[in-house]
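It should be emphasised that the depicted structure is a prediction, and the values quoted were computed from it without experimental measurement.
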Amino acid sequence: MSKHFFGDTAVLLGRSLRHITRSPDTIITTAIMPIAMMLMFVYVFGGAINIGSNSSYVNYMLPGILLITVASGIAYTAYRLFMDMQGGIFERFQSMPTARSSVLWAHVLTSLVANLVSLVVVMLVALLMGFRSGAGVLAWLSVAGILVLFTLALTWIAVIPGLSAKTMEGASAFSYPLIFLPFLSSAFVPTDTMPGPLRVFAENQPATSIVNAIRALFTQQPVGNDIWIALAWCVGILIVAYAFAMNTYRRKIS
């Protein structure tokens with residue numbers, strides 16, 4: 001990393017953020033689907049779901065909704081990258097004295113900012129719906145740290161189809177399985193209510209450990225090994241996705 005890299009990334013980040021501010025509907029659209037899901041699950045299905053505790057259902061399912069918010073938001077990262085690739089922006093930057101990786105990092109950091117805004121919007125709606133937490137500052141910072149890592153991990157996954165997709169639809173369609181993943185976890189119902197094979201999958205996939213860690217932090221319960229498993233998943237996915245994304249980028253610009 002060099003001073004040249006950081007300066008170029010800052011300039012390109014400003015460019016990407018200006019695009020976001022000129023089209024705020026992307027952030028609004030990202031937040032609408034999770035909010036609609038939250039309203040449906042709490043007010044339509046919530047009364048019929050036994051979560052085995054005295055807490056409200058909105059408290060129980062909010063961590064899963066936060067993961068869905070991020071998963072739906074990163075589709076725009078792939079879309080913006082695809083449009084830049086098709087528009088020849090990358091080739092234009094290649095002819096300039098610009099640090100090569102700064103282009104990707106600008107998109108990744110833009111995704112992080114946009115997703116954090118969407119997460120705040122979802123949290124505010126959850127508060128209006130009755131979400132309450134007695135968690136302290138350290139617990140909230142831990143939740144924020146997990147969500148930042150999760151966002152970065154999924155964003156670097158989004159970079160790969162953004163660079164390699166042949167169509168605009170293909171660039172963003174990869175996010176659908178990621179959005180669906182929290183439904184096969186402990187996000188909305190306890191895993192012990194699931195049939196055998198599905199329960200095994202649910203208890204051993206990343207969304208469950210991340211949801212359980214965030215839920216424990218919100219409710220001031222012991223996090224146990226969940227937080228370390230969640231961090232391991234986030235960091236592991238981030239490292240692998242970053243390596244594949246950079247390899248794809250090098251092949252595209254070579």
Side-chain angles (χ1 to χ4, degrees), residues 27 30-31 34-35 37-38 41-42 51-74 77 105 108-158 178-179 181-191 202-242:
I27 294 178
T30 298
I35 289 172
M37 287 184 181
M38 188 161 54
F41 272 94
V42 171
I51 58 175
S53 68
N54 295 323
S55 64
S56 66
Y57 188 58
V58 66
N59 283 23
Y60 183 86
M61 51 89 74
L62 180 60
I65 291 295
L66 297 178
L67 298 197
I68 290 174
T69 303
V70 174
S72 59
I74 59 166
T77 302
W105 274 104
V108 169
L109 294 176
T110 299
S111 172
L112 181 60
V113 172
N115 277 289
L116 288 177
V117 172
S118 297
L119 287 170
V120 169
V121 171
V122 171
M123 285 293 303
L124 290 175
V125 174
L127 287 170
L128 292 175
M129 293 174 62
F131 170 75
R132 295 294 183 269
S133 172
V137 174
L138 184 59
W140 277 99
L141 290 175
S142 298
V143 170
I146 292 171
L147 290 174
V148 166
L149 271 177
F150 182 71
T151 302
L152 287 173
L154 263 60
T155 299
W156 278 107
I157 293 177
L178 298 177
I179 294 172
L181 197 61
F183 289 97
L184 303 178
S185 73
S186 61
F188 300 104
V189 295
T191 56
E203 291 178 347
N204 294 279
Q205 58 117 324
T208 291
S209 57
I210 297 171
V211 163
N212 289 346
I214 293 175
R215 185 180 291 140
L217 289 166
F218 276 153
T219 57
Q220 299 172 284
Q221 299 296 317
V223 293
N225 291 326
D226 281 321
I227 191 167
W228 302 115
I229 297 172
L231 291 174
W233 272 114
C234 290
V235 173
I237 294 171
L238 174 57
I239 292 172
V240 173
Y242 175 79

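- Ring geometry for W105 versus W156: interplanar angle over 60°, hence perpendicular rather than tilted (30 to 60°).
- The two residues L181 and Q205 come nearest to each other via the heavy atoms O-NE2, 3.1 Å.
- Across T155, L112, L152, a single residue satisfies side chain to side chain contact (heavy atoms under 4.5 Å, CB included) together with I74, and that is T155.
- In this structure, the separation between CG on L231 and CZ on F150 is 13.0 Å, given to the nearest 0.5 Å.
- S185 and A207 make their closest contact through CB-CB, 3.9 Å (heavy atoms, listed as atom of the first residue, atom of the second, distance).
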If you look only at distance, which donor and acceptor atoms sit under 3.5 Å apart when one is on a side chain in residues 63-71 and the other is two or more places apart or in another chain?
from : atom 1 : to  : atom 2 : distance (Å)
T69  : OG1    : I65 : O      : 2.8

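- If you take OG1 on T151 and CG on L119, they are separated by 6.0 Å, rounding to the nearest 0.5 Å.
- Closest approach of P206 to S209, counting heavy atoms only: O-OG, 3.0 Å.
- Between the CZ atom in F183 and the CZ atom in F41 there is a gap of 5.0 Å [rounded to 0.5 Å].
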Fill in: Worked check of side-chain contact (heavy atoms from CB on, under 4.5 Å) between Y57 and F188
CA-CA 9 Å; Y57 188 58; F188 300 104; 3.6 Å; yes
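- A216 and P222 get closest at one heavy-atom pair: CB-O, 4.0 Å.
- Of all heavy-atom pairs between S186 and T208, the closest is N-OG1, 3.4 Å.
- Distance check, rounded to the nearest 0.5 Å: CD1 of I227 to CD1 of I210 gives 11.0 Å.
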Discussion item. As a quick check of understanding, evaluate side-chain contact (heavy atoms from CB on, under 4.5 Å) for V143 and L147, giving each step before the final call.
Written reply: CA-CA 6 Å; V143 170; L147 290 174; 4.0 Å; yes
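- Between the side chain of N59 and the backbone N or O of R132 there is at least one donor-acceptor pair closer than 3.5 Å.
- No side-chain heavy atom of I214 sits under 4.5 Å from any side-chain heavy atom of L62.
- Relative ring orientation between F218 and F131 is described as perpendicular, the plane-to-plane angle rising above 60° on a 0-90° scale split at 30° and 60°.
- Within a 6.0 Å sphere centred on CG of N204, other residues, nucleotides and ligands contribute more than 12 heavy atoms.
- Heavy-atom minimum distance, T77 versus A158: CB-CB, 4.3 Å.
- With rounding to the nearest 0.5 Å, the separation of OG1 in T110 from CG in N115 is 11.0 Å.
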Worksheet item: Would L217 and I146 count as a side-chain contact (heavy atoms from CB on, under 4.5 Å) if you check the C-alpha gap in whole Å, the side-chain angles of each, and the deciding distance to 0.1 Å?
Response: CA-CA 11 Å; L217 289 166; I146 292 171; 4.1 Å; yes
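- To the nearest 0.5 Å, the span separating CD1 on I157 from CG on L154 amounts to 5.0 Å.
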